[in-house]
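Each remark here refers to the structure printed beneath this line.
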Number of protein chains: 2
Amino acid sequence: MKTLARSTLAASALVLSFAAAGAAQADEGMWTFDNFPSAKVKQTYGVDIDQKWLDTVRASAVRLTTGCSASVVSGQGLVLTNNHCVADCTQALSSEGKDYVKDGFLTGAREEELKCAGMQAEVLLSILDVTDQVKAAGAGKTGQDFVKARDAAFATAELAACGQDKTLRCQTISFYRGGQYKVYKYRRYADVRLVFAPEYATAFFGGDPDNFNFPRFNLDSAFLRLYEDGKPAVTPSHLAWRATAPVEGEPTFVAGNPGTTQRQLTVSQLETNRDLIIPIGQLQRSEMRGRLIQFGEQNEENKRIANQPLAGVENSYKVFFGQQFVLSDKKFMDAKRAAETDLRTKVAADPKLAAEIGDPWSEIDKAQAAVADQFVPMRQLETSAGGGSDLYGYARTLVRGAQERAKPSAERLPEYGDTRLPLAEKRLLDKRPVDAPLEQLYLEHWLLKTREYLTADAPAVKLLLGKESPEGLSARLVAGSKLADPAVRKALWDGGLAAVQASDDPMIQFVLKTEGLGREVRKTYEASVTAPTDAAAERIAKARFAVLGDSVYPDATFSLRLSYGKVAGWTHRGRTITPFTDFAGFYDRVTGAEPFQAAPRWIAAKDKLNPKTVYDYVTTNDIIGGNSGSPVIDAKGRVIGAAFDGNIHSLGGAFGYDGSINRTVVVSTAAITEALTKVYGREALVKELVSGK
Amino acid sequence: MKTLARSTLAASALVLSFAAAGAAQADEGMWTFDNFPSAKVKQTYGVDIDQKWLDTVRASAVRLTTGCSASVVSGQGLVLTNNHCVADCTQALSSEGKDYVKDGFLTGAREEELKCAGMQAEVLLSILDVTDQVKAAGAGKTGQDFVKARDAAFATAELAACGQDKTLRCQTISFYRGGQYKVYKYRRYADVRLVFAPEYATAFFGGDPDNFNFPRFNLDSAFLRLYEDGKPAVTPSHLAWRATAPVEGEPTFVAGNPGTTQRQLTVSQLETNRDLIIPIGQLQRSEMRGRLIQFGEQNEENKRIANQPLAGVENSYKVFFGQQFVLSDKKFMDAKRAAETDLRTKVAADPKLAAEIGDPWSEIDKAQAAVADQFVPMRQLETSAGGGSDLYGYARTLVRGAQERAKPSAERLPEYGDTRLPLAEKRLLDKRPVDAPLEQLYLEHWLLKTREYLTADAPAVKLLLGKESPEGLSARLVAGSKLADPAVRKALWDGGLAAVQASDDPMIQFVLKTEGLGREVRKTYEASVTAPTDAAAERIAKARFAVLGDSVYPDATFSLRLSYGKVAGWTHRGRTITPFTDFAGFYDRVTGAEPFQAAPRWIAAKDKLNPKTVYDYVTTNDIIGGNSGSPVIDAKGRVIGAAFDGNIHSLGGAFGYDGSINRTVVVSTAAITEALTKVYGREALVKELVSGK
């Protein structure tokens, strides 16, 4: 009998018991492909992970620029990912009365496959170490000089590796928080099309209540296809499809792009997250959540357009709820404190090392006062300016793009450097719907919160609002802007600064008037927070290497990693959760009321499906947000599922991994195969998967 | 030149620098009338506060059961309070197309004064010490026995003091967290009518952005009248009206009912507030805020009905935002820790005292684990059950009232004891509008959050929802319930348990089925949290008396207190804020866009008003929420304003008072007099105020 045991969101469920730092424990780690602990895996699981295995997996692993992972699963560019990773695409392809999100997107032939706006797929080709040149560029510099020199070194390294080849993308990435700098060189696929996505009720059955919980019953999978020159890409490197479910205890590997972890932050940085950064984000997010719920209840069309944004907000809410409660846990923070003290003690015991390292911890402590002063203005005026409005985002890209492109690449804001422009341009110019009522909601919320947090009398707020209210200003900007039209954006992009300045578009005018507020606060922030923090972090990384060697893995940076583990349930507070669910369990959980409704196709197919088919399962792999869509791979390198979630205990994974309860949640290839065949009648797709051709 | 200086909501603005405990500092304290530090006031300000002064003020001070304070200001029962204290009444008297909140409520004659539903006014007659008998009742008991015995002792003491006299109300109140128990005996006025309330744009000019800030420009004042037997009450005890503004440095006294402070909590209790109780409340509150904003934007009528609820949510949000950031401040918590250690050290140094006190701090520490386990279910299933829905509240009063009245008074849930029934009955049966769309919103939000926090699989959630969704269930209950009709409620109340059980009202049926969930969790909570905490707190109070004598004041308990201070601005981060604003400053701040719009009457009256009239001012008095509407009194006992807010720094006042920056914000009687005369043309009212007749 399956034990149903969802944990409450109370603090007690989120208390982890891991060693807060030091060498990785069993199954812990998001390893880079150039430092994978094959010996340890051999020793633990008896599996040989050789260079050939690593190369095949690397060449089949896909990063989606929309924030997800995926894998190539046929020779014709077919890609497996999660449904929630293509939701933005499905949404963009929908319109009033045609809702692919709700009803699913089911192609029968190649010509029905449709382009995903703004989505780019990237396959890692090679890794270049540029640590020395980046460190040399920043050496001896402080403040803005440090930040500028390092940004320029990044851009130079990228250009040297990729040139102007638009089929490539090069990205300089900091590992170990400044311990190493590497250029990741990717094959770039700018034309990615949607092939298959199930219904929302199938992919996200149980909705927010079941999210981050297990047992789970979600077909959170989807297929994309890479295109080159308007034709399916030829992809000889791909994973073989295994349509049988793994067994309990079977070794599993996850190749993907974990987004961000903060396991190597200092205690004072964690405290700043706990006391300031997370709470401010959560409070604003909760208010937005309420607005989106209420907005969606107004009518069917509102519900359709708000559905995906709401799911996104609710997902983030749960993530940060977990993070906050872990950081509020005394035992956890005591362990972090002890680990930091231990490292500092070891450094102090080695006079040569101590002289080299200095006291970066105190430098970072000191920078926290600057964070306390500047985090809120930085958030409201720069990093979250516009509050998620696409029109605002387009206007800012147009305004800043025009301003920055007039300068040499290395002197620009880094996001407008030559190597970044192709993606920025794609995002700007791809056609996608703009939902005016949502645009207004986002802008208004942003302006309201900015006035609330900075006060009505702050000069920045006076510049933003003038004599208008947030409600009135946002309505005027959205109603008057023509930037929803890609042709208008293209003309302004091509026209450069002169065209932008001559535009009478109210959103362009608003951004021209106010974007300087963000530049100004960003400059202050980079000089007083980023520069001292990064310079100090480089020395902490050095200390860690000196003490721990390369037995450690770097914090996640949305770059390709490999984790190892096995299929396993867990026991918490005396309750044991077995690792598998099946189709029978799904039908048991259906109530008929949202979000526990089954899609009509699934009700119809009930008798045709094998009820014992493994639906979802959990493994001990160490993953985090960004890993969504990652292939779960068996010892032979075959794909056996797509990772789509973690259990409730994994929410602390941002700060540490506890192998006893931290679990990855996977949709099985067995379930996908069975559903494609018996629910959706997609035999051609199954044939392509099974044959690999 | 007036310095405009609103502080940001960033953490830095909320850091207080006060001594966290020990004897009160200058101007600190919410003193009871039977322990007012007259000698200290004489010494500091040279003012004699004698018994006659105290008696007159006590007999003129009014507690409003809606959560505010007020004062009698004429011999005919005229009462001064804040506009925001009568907003609920103004709202209840309004309807679609007739919006007294927005347009103000301006009576010209007695017969136009209208009854405020659910509002009761109470004037303190005497104080009886019942400490010995209450302590004796609880002595040697633990868990539920302790709670039950103490509740019974409270009820017995109240009945002994007031009997069944319905013109009286007796309430047993714990002071110093169990250090003393006293019965407060009040004259009860159940018929309170609205006389005058200004427009929302006038009373709450600047809206949420200016709330808890200064300089301020709000006529946050209103008048009520006490009635007896359908006629204005004769009130020989009242405060004299002084229509001239105070001068800088002038001594000021505030008599009112501060709601809750937590200055005497232990460090572990403060941590529980910081890490669990406040964050959970704030997150749910923010979501509700977003829903109400969005709801109000749907149409004019929604805006009208959501306006007051939204203002309430936003006010609470700011209060708890401040509290959370103060509790996250290391220096503040270190000071609290040091004060606790100091008290414990002094107790330990006195063997006799130590034997008597034991270690109540550790007992309270231990109870925090029970809070962590039970706070969320207690909140969702009992204290916040129904989420603020009036229909749910009526149904619960009817169901529990019927169940409890069948028992002897001392055995009931205390809120249904004989001495509490008159107010409960008044609240249940007074006629007031029920806004169905808001009802649905509240209920749905509550059910959604309950499912989210307890999980979809919790037995409690399954009982609440069955196979329905929160959306569907709430819609069904609100659409089907007839409890909006006072006659229906009256029939069920009079009919008792048989009538309630026979009712087919879906809300009654729902509450009958589910209210036991709340009783159950409450029982557990009382036994494992309330009982050990209160028993330990009694001994901490004893320790504090032993060490500090009666030089301390008790935490606020929404009972009558007197604070002293003076008119004074403050200096923070190098900026000095002067203590007065005037009408000229108000007109300067008008932008024409909400919430900085002036009401039409004020635009019309601009040239008639003396621009130098003192509008609002700040004093050093130590107050907190519940004090709203309190008379600000001069040395001669004359009213010179109504306290309506604190400055941003006062948000930490829940945990401690910092005389250098903590300020009370007051609307002056000078401004009220001038406005009544020149803006509103209410000469009769002014005459009554000035003559006192």
Side-chain angles (χ1 to χ4, degrees), chain A residues 4-12 206 208-210 213 271 274-276 279 282-295 297-298 317 321 324-325 328-330 372-373 375-377 441 445 448 451-458 465 467-469 471-472 591-596, chain B residues 4-12 206 208-210 213 271 274-276 279 282-295 297-298 317 321 324-325 328-330 372-373 375-377 441 445 448 451-458 465 467-469 471-472 591-596:
Chain A
L4 267 188
R6 278 167 187 76
S7 301
T8 69
L9 264 181
S12 52
D208 179 65
D210 278 9
N213 279 311
E271 287 170 344
R274 178 193 66 195
D275 298 337
L276 179 65
Q282 282 293 79
L283 292 171
Q284 294 199 23
R285 193 172 285 123
S286 290
E287 187 175 328
M288 177 50 75
R289 182 184 189 181
R291 292 194 69 149
L292 288 170
I293 291 173
Q294 199 64 32
F295 176 87
E297 289 190 1
Q298 274 180 248
Y317 175 87
F321 188 95
Q324 175 135 31
F325 275 79
S328 296
D329 181 62
K330 269 185 216 170
D373 263 359
F375 167 70
V376 169
L441 197 164
H445 176 74
L448 280 169
R451 183 179 66 187
E452 176 176 337
Y453 281 82
L454 304 184
T455 80
D457 298 296
L465 292 179
K467 295 246 171 197
E468 293 179 272
S469 66
E471 296 85 352
T591 66
E594 266 187 46
F596 298 102
Chain B
L4 265 188
R6 277 165 187 77
S7 300
T8 69
L9 263 181
S12 51
D208 179 63
D210 278 8
N213 278 311
E271 287 171 343
R274 179 193 65 192
D275 298 338
L276 179 65
Q282 281 293 78
L283 292 170
Q284 294 199 22
R285 192 171 287 123
S286 291
E287 188 176 328
M288 176 52 74
R289 182 182 189 183
R291 292 194 68 148
L292 288 171
I293 291 173
Q294 200 64 33
F295 176 86
E297 290 191 2
Q298 275 181 246
Y317 175 87
F321 187 95
Q324 174 134 31
F325 275 78
S328 295
D329 181 61
K330 270 185 215 172
D373 264 358
F375 167 71
V376 170
L441 196 165
H445 176 74
L448 280 169
R451 182 178 68 187
E452 176 176 337
Y453 281 82
L454 304 182
T455 81
D457 299 296
L465 292 180
K467 295 247 172 196
E468 292 178 271
S469 66
E471 296 85 353
T591 66
E594 265 187 48
F596 298 101

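Counting heavy-atom pairs closer than 4.5 Å to chain A, the top-ranked of the candidates B:Q298, B:H445, B:Q324, B:Q282 is B:Q298. Ranked by heavy-atom pairs shorter than 4.5 Å toward chain A, the options B:R274, B:E471, B:K330 are led by B:K330. Per-residue counts of heavy-atom pairs under 4.5 Å with chain A were compared for B:P279, B:G290, B:G206; the largest is that of B:G290. Between chain A and the residues B:R451, B:Q284, B:M288, the most heavy-atom pairs under 4.5 angstrom are made by B:R451.
B:F596 touches chain A through its side chain: at least one heavy atom from C-beta onward sits under 4.5 Å away, while N, CA, C and O do not. For chain A, the nearby parts of B:L283 are the backbone and the side chain; heavy atoms of each come within less than 4.5 Å. Residue contact with chain A, scored on non-hydrogen atoms closer than 4.5 Å, involves the backbone of B:E594 exclusively.
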inquiry  = Before you tell me yes or no, could you show the steps for B:L441 and A:Q294 under side chain to side chain contact (heavy atoms under 4.5 Å, CB included), namely the whole-Å CA-CA distance, both residues' side-chain angles and the distance that decides it to 0.1 Å?
reply    = CA-CA 9 Å; B:L441 196 165; A:Q294 199 64 32; 3.7 Å; yes
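The side chain to side chain contact (heavy atoms under 4.5 Å, CB included) test with A:R291 singles out one residue from B:E287, B:R291, B:E297, and that residue is B:E297.
Side chains of A:F325 and B:L276 form a contact here, defined as non-hydrogen atoms less than 4.5 Å apart. Contact annotation: the side chain of B:E452 never approaches that of A:F321 to less than 4.5 Å [non-hydrogen atoms, C-beta and beyond].
Taking both residues in full, the closest heavy atoms of A:S286 and B:S286 are given as CB-CB, 3.5 Å, listed atom of the first, atom of the second, then distance.
Considering CG of A:N213 and CG of B:D457, their distance stands at 8.0 Å, rounded to 0.5 Å.
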